[in-house]
Structures are given as structure tokens and as C-alpha cells.
Amino acid sequence: MSNRKWLKMFILSVSMVTVLAGCGEAESTKVGASANWAAEQGLDKTETVDELYAKAKEEGKVVIYSQSSRIKDVKASFEAEYPGVTLEAFDMSTNEIVEKLVREYESKVFNADVVYVKDTLGVVSSDLVERGILHGYKPADILETLSPEFQDLPGIVTNATVRTVYYNTKAYKETPVTNWWQLTEPEWKTRVLINDPLESSDTMELFLSMIQHSDDMAAAYKELYGKDIELTEENAGYEFMARLLKNDPVLVKSSDDVVENVGTSSQEKPPIGIGASSKLRNIEQKELSISANFDMKPKISVLGPSYLYVVDQAKHTAGAKLLIRWMMGELGGEGEGLRPFNVLGSWPSNPSVSHKNPINLDQLNIWQYDGKYFYNNSIKFREFWIKNIK
Amino acid sequence: MSNTEYTTKKQQKNQQPKFNKARFKNRFVSFLTNPMHVISMVAIIFLIYTIIIPLIQMISSTVTWSHDDVRAYSEAVPGKFTLHHWFYMIAGEISKNVFYQPILNSVNIAIWVSVLSAILGGTLAWLVTRSDIPFKKTIAFMAIIPYMLPSWMKSMAWLVIFKNDRIGGSKGLIQAIFGISPPDWLSYGFLPIVIVLVGHYFTFFYLLIAVALSSINSGLEETADILGAKRITILRRITFPLVLPAILSAFILTFSKSMGTFGPAAFLGLPIKYYTIATMLYSSIRGRMTSQAYILSIVLILIAAITIYINQRAIGKRKGYTTVGGKDARKSLTPLGRWRIPIFSGVMFFMFIAGIFPLLMLFLQSFMLKEGVYTLNNFTTHFWVGASNPNIASGEVGVLMSDNIRMALKNSLIVALGGAALSAFLGITLGYIVAKGRKSITTRVIEQLTFTPYLIPGIAFAAIYLSIFAKPGFLIPALYGTLTIIILITVVKELPFATRSGTSSMMQISGELEEAAKIQGASFFKRFTRIMLPLTRKGVISAFLLGFISGMKELDLIILLVTPKTGTLTTLTFQYAESGFQQFSNAITVLIITIIIVTYFIATKWGKADLTKGIGG
């Protein structure tokens with residue numbers, strides 16, 4: 001193509017752009033409509049299981065987008081308990097679920113009834129719920145049994161996981177690090193595996209919490225070294241990020257990689273790694289020598305709750321409600337529906353439900369989840385991280 | 001000449017305006033009734049719809065505030081014009097790491113991959129066409145296998161051997177045997193990415209140069225020989241200029257493709273934070289920073305466009321040599337002498353590590369309960385035919401037993417067959433237009449447009465398609481959630497190859513044939529279906545085959561577009577790999593490759609297909 005033609009195309013595209021740029025949409029009216037829909041469907045009501053089952057049988061099926069592959073166990077138990085209601089379960093990453101929900105909402109294709117997701121840097125609560133793409137369904141009888149921190153959230157929480165520091169039990173009898181600042185020391189240069197925060201919103205949430213609670217980080221520094229930290233960055237949280245990156249941590253694609261590479265037995269000088277606590281359940285199956293440290297200074301992690309929401313304009317609302325109750329483990333939380341998620345490294349939101357972890361959730365030294373903060377600061381963090389790579 | 005025309009001509013002198021109108025109408029009618037024009041118009045509308053509009057969308061979103069910008073920039077108003085994204089990328093605080101360094105890395109990779117692939121592919125092509133190396137057919141087939149394997153798979157194979165203790169975990173083969181940990185530059189980053197990609201793209205050079213070489217009458221070289229030219233002079237002055245167009249053609253394909261490639265860069269770059277345009281782009285999309293992602297893809301398109309421009313200048317007028325004469329095309333083969341067997345072994349060894357070895361590794365690993373444990377009791381058929389066992393991979397059933405996989409298989413076949421058939425048909429039609437109307441502007445526009453999708457990275461292309469076709473518009477219903485959109489994007493992405501292939505097939509057919517039929521009164525449709533199509537059958541089947549192969553192994557392009565019901569085999573492998581069920585992922589990949597190889601055999605045996613024709617050699 002000759003220069004002139006390129007120029008022409010460029011001018012053409014710029015003019016088209018200006019035209020297209022003029023198109024915007026009034027979102028406020030949509031949100032109102034979606035709130036009305038939620039009220040019509042009785043998402044604020046608490047119905048009995050029998051009522052819901054009767055209606056769900058007429059609807060015939062429920063569709064769920066789930067962040068966990070274990071949803072197929074839920075499918076088995078749900079369909080056994082409620083014959084006549086089929087559960088169509090789709091397993092996708094949280095990012096994909098968010099992307100799909102937004103696109104489907106915009107194109108008015110309403111595939112899903114229920115979603116099982118994490119907040120992914122506050123996008124779900126601050127964006128999808130605000131825009132009316134998702135609705136909370138919080139039956140009062142179940143909600144009141146949950147821990148206080150899960151009472152006032154936009155959706156109902158089934159369980160929560162944390163990030164944790166993994167170490168190899170063949171090489172270390174007990175955890176080699178107890179304070180986050182140790183990871184910036186020469187001893188751990190190139191020996192910290194991190195599930196890349198640019199790919200994993202869970203990792204980014206942990207780092208953002210350190211920044212949000214930079215006073216805690218500064219205090220932990222003083223506790224470890226006996227002196228105040230000298231800042232070259234905005235605050236102690238960012239300072240930690242910068243120093244950690246200077247120590248050349250190794251980024252990997254998933255928490256599975258973290259667990260596998262830390263825990264393989266045959267290593268002489270294994271690294272430590274930051275990954276999802278829920279990967280603990282893979283240890284036995286993969287025969288890894290690995291353990292998770294649940295006590296780091298100042299805090300081990302931020303709490304990462306998993307939510308259930310009803311999708312706007314869902315076609316099977318009774319089924320959706322029934323499924324949400326089922327996945328909450330019904331009243332008392334001991335039902336089959338929660339069992340696939342009540343595993344090692346994961347804490348049910350109902351504190352009275354028995355779990356498999358060595359300590360209870362309220363004993364865990366953690367920061368509380370602040371979706372709004374994450375939503376507003378994730379871009380800044382991303383810039384900071386990229387700027388400091390290498 | 002008709003009467004009406006005569007009268008209008010007469011009127012011309014008296015009534016200028018009226019004449020113009022009539023003449024205009026006449027021209028308009030004749031324009032519309034000429035099938036060439038109609039097809040051209042339809043083609044251009046199609047291309048505008050599937051290529052230009054997406055491109056404009058892409059550019060437009062780089063200069064508008066998006067909904068996601070609001071959370072970081074208080075001044076952002078969604079939908080309003082801004083140059084912020086461009087300034088931010090080009091002259092911002094993080095430009096070096098998010099923009100310049102990745103671009104530099106990508107260009108660096110692309111140059112090295114192209115040069116090394118050219119040397120490797122060229123040598124191989126020469127050996128197969130011009131020397132007396134044994135088992136040529138076997139070599140020719142094996143040279144295509146690496147192209148059938150997804151390139152991320154070869155990256156995994158690289159790590160199995162060269163992994164060092166930087167990322168921990170089980171030892172790489174080198175470390176396990178020799179006890180030395182390979183240095184980082186050998187294990188990750190630039191070097192392995194280049195090597196893996198060369199192992200993938202040397203096929204382009206091999207195929208195209210082999211065709212060019214085999215069509216040269218060796219009489220040319222022999223004449224020079226008789227006239228006393230030295231061997232090196234012959235190579236430099238005769239052989240090389242003749243295959244130059246093929247080399248440059250392969251260069252464009254390899255350069256643009258390796259600039260935008262994602263898999264190897266993601267697997268081998270991340271451990272040492274080595275980013276390329278493609279990986280940065282992916283991370284931007286993941287971080288919901290689509291404007292940044294689109295800026296990166298536009299840069300990618302620009303760089304590739306500049307390369308093509310330079311290339312075209314370089315070839316200049318020497319674009320086509322007529323090398324196929326009517327006379328004897330006997331070829332004398334260069335004897336390799338005592339080097340014959342060593343060279344043959346070398347070639348076989350290379351083929352083995354580039355194609356067979358990764359495939360075997362994959363196959364083997366799909367039978368292993370735990371990765372890297374080579375004891376007999378670790379082997380199992382569970383991942384293929386096993387029933388649900390809650391202790392293994394959360395109770396996933398074997399791939400041959402799973403309904404999910406059967407559905408994905410069906411989708412994959414529909415997408416690959418449908419996409420390949422459509423793109424082969426479109427390619428031959430567009431090729432006809434390009435070949436017959438070589439000088440007109442329309443055909444040049446078509447030629448340029450059809451090449452554009454090649455330059456757009458798959459993942460950016462998909463993101464754009466998602467936003468365009470998610471909503472109903474321009475008389476088209478919302479396609480998101482259907483297989484149609486996946487087929488559509490596969491077709492458009494395959495157009496560059498299909499059109500080139502169609503053009504070169506059509507070019508070979510002399511105009512006389514069609515003219516003869518025209519004189520006999522055959523309609524356009526009849527000429528096209530009875531003469532042109534049968535004569536280009538080989539080219540069509542080859543374009544189909546190439547489309548089928550890429551359709552079967554396509555991942556980047558469709559990962560964003562699939563919905564749970566439209567998942568394909570490749571998206572399943574990705575999902576399984578993400579959930580840490582590597583063996584399932586391996587088993588499905590083996591399944592994909594088997595389907596590709598079987599189809600390849602059928603197409604080459606009964607359809608006389610030839611991949612080189614598919615690439616447009």
C-alpha cells in the first residue's frame with residue numbers, strides 16, 4: 001500500500017473514530033430496571049426449600065458459571081437431592097466469568113443463573129453488582145449463621161481462602177521465614193516463587209493489602225530489624241514491593257506451579273513460594289513434601305471470600321435460589337453442596353461447620369478484604385509493578 | 001453498437017445533462033451485471049465488515065476513555081476522546097517496561113527466528129530437492145510434523161530438558177544427568193524462545209524454497225557450469241536470485257508470526273520476566289487495560305507492515321520469474337559423496353528432536369500418574385479410559401469417556417471443517433479477483449486487506465470480535481455464544497493464506513481457457529465452476545488442509561470467544577492445564593495431533609493436496 005493510501009486510511013479511521021467516540025449510554029436507567037427485576041423475583045425473600053424445589057422443578061434446570069472445577073461434585077449431589085432439576089455447570093477462570101458476564105449483559109444474552117466467583121480485585125462487587133449485572137441472594141436463615149465479617153457483603157459467601165507461604169518440609173523442619181521482610185534478604189534472592197500478580201488477582205490482592213496497611217508493614221520491619229524503615233517509595237507497602245522485586249523473585253503461572261516446584265522432594269535448596277492455601281489439598285495426591293506457613297508478620301494474607309450471586313434476568317430463579325442454598329450447605333452448613341469446597345486450606349463461612357484446617361478462621365492473622373480499595377488501586381499497583389520489573 | 005447508444009451520442013451535443021444521466025445509468029447497469037464487479041463489491045463489503053471495522057474499533061478504543069479507566073483516572077469520562085493512552089504508553093513512566101523493551105525483545109526474536117529458519121529451511125530444501133540424500137519422502141513428511149505441533153508444547157519439552165533450579169521443582173534432564181544446573185540464558189528467555197520458534201517456522205522456508213527450487217530447470221545452472229562458472233558463482237548469480245521471491249515470502253510469514261507469538265514467550269519468558277509484545281498484550285487484557293493492549297497490537301501491525309513494505313521494495317520488479325518452460329526439466333542431483341550418510345543422520349536427528357520427541361514425551365506423560373516418575377507402577381490408562389476416581393484430578397473421567405470432551409471434539413471438527421471449507425472457497429474466489437484484475441485498485445485493496453488479519457495478534461483480534469459481535473448490529477444478530485462467530489474468526493484469520501494460495505493457483509491458469517469458453521457463450525458462473533475450480537482443485541484442497549490444521553490447533557484466537565457450550569478441544573487443553581491436570585491436557589493434545597495427521601494423510605493421498613500450495617507458494 002502506498003504512503004498516500006495509508007494516509008487516506010488513517011484520515012478515514014480518525015474521522016470514524018470521532019463519530020464512534022460520540023456514542024455513550026445512559027447506565028443509570030438500566031440499573032434501576034435491574035433492581036426492579038431483583039425485587040420481582042423475590043431475591044430479598046427467604047423461602048422454604050420445599051417451595052423453591054416445587055418451582056425449580058417447573059423450571060427444569062439451573063445454569064452456573066463456576067470458578068472451581070469441583071462444581072461437578074456439586075452437580076452430582078444437587079441432582080441426586082433434587083431429581084427433576086438439572087444443573088448445567090461450567091467451569092471457567094474468574095477473569096473469564098467476569099468478561100463473559102459483562103459481554104452477555106451488553107448483548108442481552110442471558111445464559112447463566114448463578115455464578116460462583118471471587119471478587120477479583122473488587123471488580124465483581126464494585127462494577128458488576130453496582131451496574132446491576134449481578135444480584136445478591138442472602139436468605140436470612142442462612143445468613144445469620146455466618147461469621148460477622150460475612151454479614152454485610154453484596155453477595156453470600158460460601159467459604160474463604162488465603163494466600164500463604166509454602167516451604168519444603170524435607171529441607172526445612174519448620175518455616176524458614178516468619179516475617180514478610182525476610183523475603184527481601186539476600187538469602188532468598190531468586191528463591192521466592194510467586195504466582196504472577198499480573199495474572200493472579202489473588203496475589204495482587206495480597207500485595208495491595210500490604211500497601212493498604214503499610215503501617216503494619218513498617219511495624220513488622222521495625223520488629224525484625226529493630227529500627228525504622230528508610231523509605232525510598234511512597235510507603236512501607238510499596239517499599240516492600242520494590243525490595244522484593246530487586247531480590248529477583250521467580251514468577252510462575254499458577255499456584256499449582258508454586259506448590260509443585262516448592263514441594264518436589266528431590267531438591268537440595270528448594271525455593272519458598274506464595275500461593276493459594278487451597279492448593280494444600282493437592283499435596284497428598286502429588287506426594288509433595290510441603291507445608292504452609294499460616295503465621296507471617298505482620299499478617300499472613302488478606303481473606304479471599306468466594307461468593308454466590310444470581311445473574312440479572314436469570315431464567316431459572318427458583319432453581320438459582322435452591323442451588324445457592326445447596327452450595328451453602330443448607331441450614332447448618334453441613335450439607336453435601338458445600339463439601340467439595342470445605343477442603344484443607346479453605347474455611348467455610350459458617351464458623352460452626354467443621355473444617356479440615358489446623359486453625360480456625362478467627363485465629364488466623366489476616367487483613368480484611370476491601371474490594372473498593374482494590375478496585376481503585378489495582379491499576380496503580382500494576383504500573384508500579386511493571387515499572388520495577390528488573 | 002446498439003441504437004440507444006447511438007441516439008444518446010447524438011443527444012450529447014444538444015442536451016449535455018440528460019446524456020450524462022443515461023450514460024451513467026448504462027455504465028451502472030453494466031457494472032452491476034458484470035459478475036467480476038459484483039463479486040469484488042461483495043468481497044470488499046465482507047472484508048470491510050470483518051477486518052476494517054474491527055481495526056477502526058481497535059484504534060478508536062485507544063483514543064477513548066473506557067469504563068475501566070474511571071477507577072484510576074479521575075478525569076476520565078467513559079466514551080470521551082483522549083490521547084492519554086498513547087502518551088502513557090509512549091512517553092509515560094513505565095513506557096520502557098511496558099512498551100519499548102517488549103517491542104525490542106519481539107523484534108529481536110523475530111529477526112533471529114527468520115534468519116535461522118531461513119538457513120535451516122533453505123538447507124533442508126536444497127538437500128531434499130537437489131542432492132542425492134536418501135529417504136526424501138520420509139524427510140519431506142517429517143519436516144511438516146513440527147508445524148502441526150502447538151508451539152507451547154515444544155516449550156514444555158524444552159523445559160523438561162533444560163530446566164534449571166531457578167524455578168525449583170523436579171530437575172531438568174541435563175541437570176539430572178550431568179549434575180550441572182544450566183545457566184538462566186539457556187533455560188529461559190530469548191535463546192530458548194528463538195530455538196523453539198525456529199523449530200516451528202523453518203517449515204515455511206522449507207516448503208516455499210523447496211517448491212521454488214524444484215521448479216527451476218537445472219539446465220540454467222548446468223549451462224553456467226559448462227560456461228565455466230564456479231559453483232559459488234552459480235549459487236550466487238543464478239540459483240539464489242531465482243529462489244529469492246520464495247525466501248522473502250517465507251520471511252514475511254515467519255517475521256510477522258514470530259513477532260506476535262504468545263505460547264513460547266509466555267512459558268519461557270516469565271521465569272526471568274522477559275516480556276514480548278504478545279505477553280505484555282495478554283497481561284494488559286487480563287488486567288482489563290484493553291486500550292493498552294490495542295496500542296500494542298497496532299504497533300505490532302505497523303512493524304509488520306513496514307517489514308512487508310521494505311520487502312516489496314527489495315523484490316521490486318523481479319517479483320515473478322517464469323521458471324516453468326515447455327522443455328525438459330530434468331534435474332541432476334548433486335552427489336553428497338561420503339557426507340551422504342552423516343548429513344542424512346544429522347537431518348533425521350534434527351527431525352527427531354523438533355517433531356517426534358515432543359510428541360512422544362506428550363504421549364508418554366498422558367499415561368503417567370505423576371509427572372517425571374518413570375517406574376512401571378506409575379503408568380496408568382486412567383487419563384484415557386478411566387472412570388471417575390475422586391483421588392485423581394478431582395474425579396475427572398478419562399478423555400475418551402467424557403461427554404464434555406465429546407462435545408468439544410464435535411465443536412472442534414465443526415469449526416475446523418467449516419472454517420477450512422469456507423476459507424478455501426473464499427480464498428479461491430478472492431484469488432480469482434486478484435489474479436484476473438491484477439492492475440485495478442479494487443484488487444489491490446482486496447490483496448492488502450486480506451493480508452491484514454495475519455498481522456493482528458490472535459488475542460487482540462478476538463477481543464475486538466467479542467466487543468463487536470456480542471451485540472446485534474448492522475443487520476447481524478448477536479453472534480457471541482454461537483459456533484458461527486468462532487468459524488467466522490477462523491475464516492478471517494485464515495484468509496491471508498487462503499487468498500495467496502488462491503491467487504497463485506489462479507495465476508497459473510492461462511486466460512485462453514476462459515476466453516475460449518466465453519466465446520462459446522459459457523456464463524461466468526459456468527466458467528468459474530467448470531473450468532477454474534476443477535483446474536485449481538489441488539490448490540483448494542491444500543488451502544483447506546492448511547485451514548483445517550490451524551483450525552484444529554487454534555487457541556489464542558478463540559479462547560475469549562468460546563462459551564461453555566462452544567468449547568473446542570484446544571480450549572479444553574488450556575482449561576485442564578490451568579487446573580493443573582496436565583495429563584488430561586496432554587491426552588487431548590495427542591488426540592488433536594492424531595486427527596490432524598490422519599486428515600493430512602487423507603488429503604495428500606486422495607486429494608493430492610500439497611501444503612506448499614496452501615501457503616501460497
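For the atom pair CD of A:Glu199 and CG of B:Leu270, the computed distance is 6.0 Å after rounding to the nearest 0.5 Å. Atom CG of A:Leu198 and atom OH of B:Tyr275 lie 5.0 Å apart (nearest 0.5 Å). In this structure, A:Thr190 OG1 and B:Ile272 CD1 are separated by 12.5 Å, a value rounded to the nearest 0.5 Å. Between the CD1 atom in B:Ile167 and the CZ atom in A:Arg191 there is a gap of 15.0 Å [rounded to 0.5 Å]. Rounded to the nearest 0.5 Å, atoms NZ (B:Lys273) and CH2 (A:Trp385) are 7.5 Å apart.
Ranked by heavy-atom pairs under 4.5 Å with chain B, the first of A:Asn261, A:Thr264, A:Asn388 is A:Asn261.
Residue contact with chain B, scored on non-hydrogen atoms closer than 4.5 Å, is absent for A:Pro270. When heavy atoms are compared at a cutoff of 4.5 Å, B:Phe469 does not approach chain A at all. Residue contact with chain B, scored on non-hydrogen atoms closer than 4.5 Å, involves the side chain of A:Asp196 exclusively. For chain B, the nearby parts of A:Pro249 are the backbone and the side chain; heavy atoms of each come within less than 4.5 Å. A:Phe384 does not touch chain B: none of its heavy atoms, backbone or side chain, sits under 4.5 Å away. Using a 4.5 Å cut-off between heavy atoms, B:Gln292 touches chain A through its side chain atoms alone. Interface residue B:Ser284: backbone and side-chain heavy atoms are both found under 4.5 Å from chain A. Using a 4.5 Å cut-off between heavy atoms, A:Ser378 contacts chain B through its side chain alone, with no backbone atom that close. Contact annotation for A:Ile386: both backbone and side-chain heavy atoms come within less than 4.5 Å of a heavy atom of chain B. Using a 4.5 Å cut-off between heavy atoms, A:Val123 touches chain B through its side chain atoms alone.
Counting only N and O atoms by type, the side chains of A:Arg382 and B:Ser283 include a donor and acceptor under 3.5 Å apart.
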Requested in this report: Carefully, step by step, assess B:Lys96 and A:Lys387 under the rule side-chain contact (heavy atoms from CB on, under 4.5 Å).
Outcome: CA-CA 8 Å; B:Lys96 183 178 162 280; A:Lys387 193 175 81 190; over 6 Å; no
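Counting non-hydrogen atoms of neighbouring residues, nucleotides and ligands closer than 6.0 angstrom, the NZ atom of A:Lys246 reaches no more than 12 such neighbours.
Residues B:Arg288 and A:Ile379 fail the side-chain proximity criterion, which asks for heavy atoms closer than 4.5 Å. Here the side chains of B:His67 and A:Asp127 are in contact, with some heavy-atom distance below 4.5 Å. In this structure, the side chains of A:Glu383 and B:Tyr88 come closer than 4.5 Å at one or more pairs of heavy atoms.
A donor-acceptor contact shorter than 3.5 Å links the side chain of A:Lys100 to the backbone of B:Val562.
For the pair B:Arg166 and A:Asp248, the salt-bridge criterion is met [side-chain N within less than 4.0 Å of a carboxylate O].
Annotation: side-chain hydrogen bond (donor to acceptor under 3.5 Å, both in side chains) contacts of A:Thr203 (sequence neighbours excluded): A:Arg163, A:Ser200.
The minimum heavy-atom distance linking B:Gly168 with A:Gln267 is given by the pair CA-OE1, 3.2 Å.
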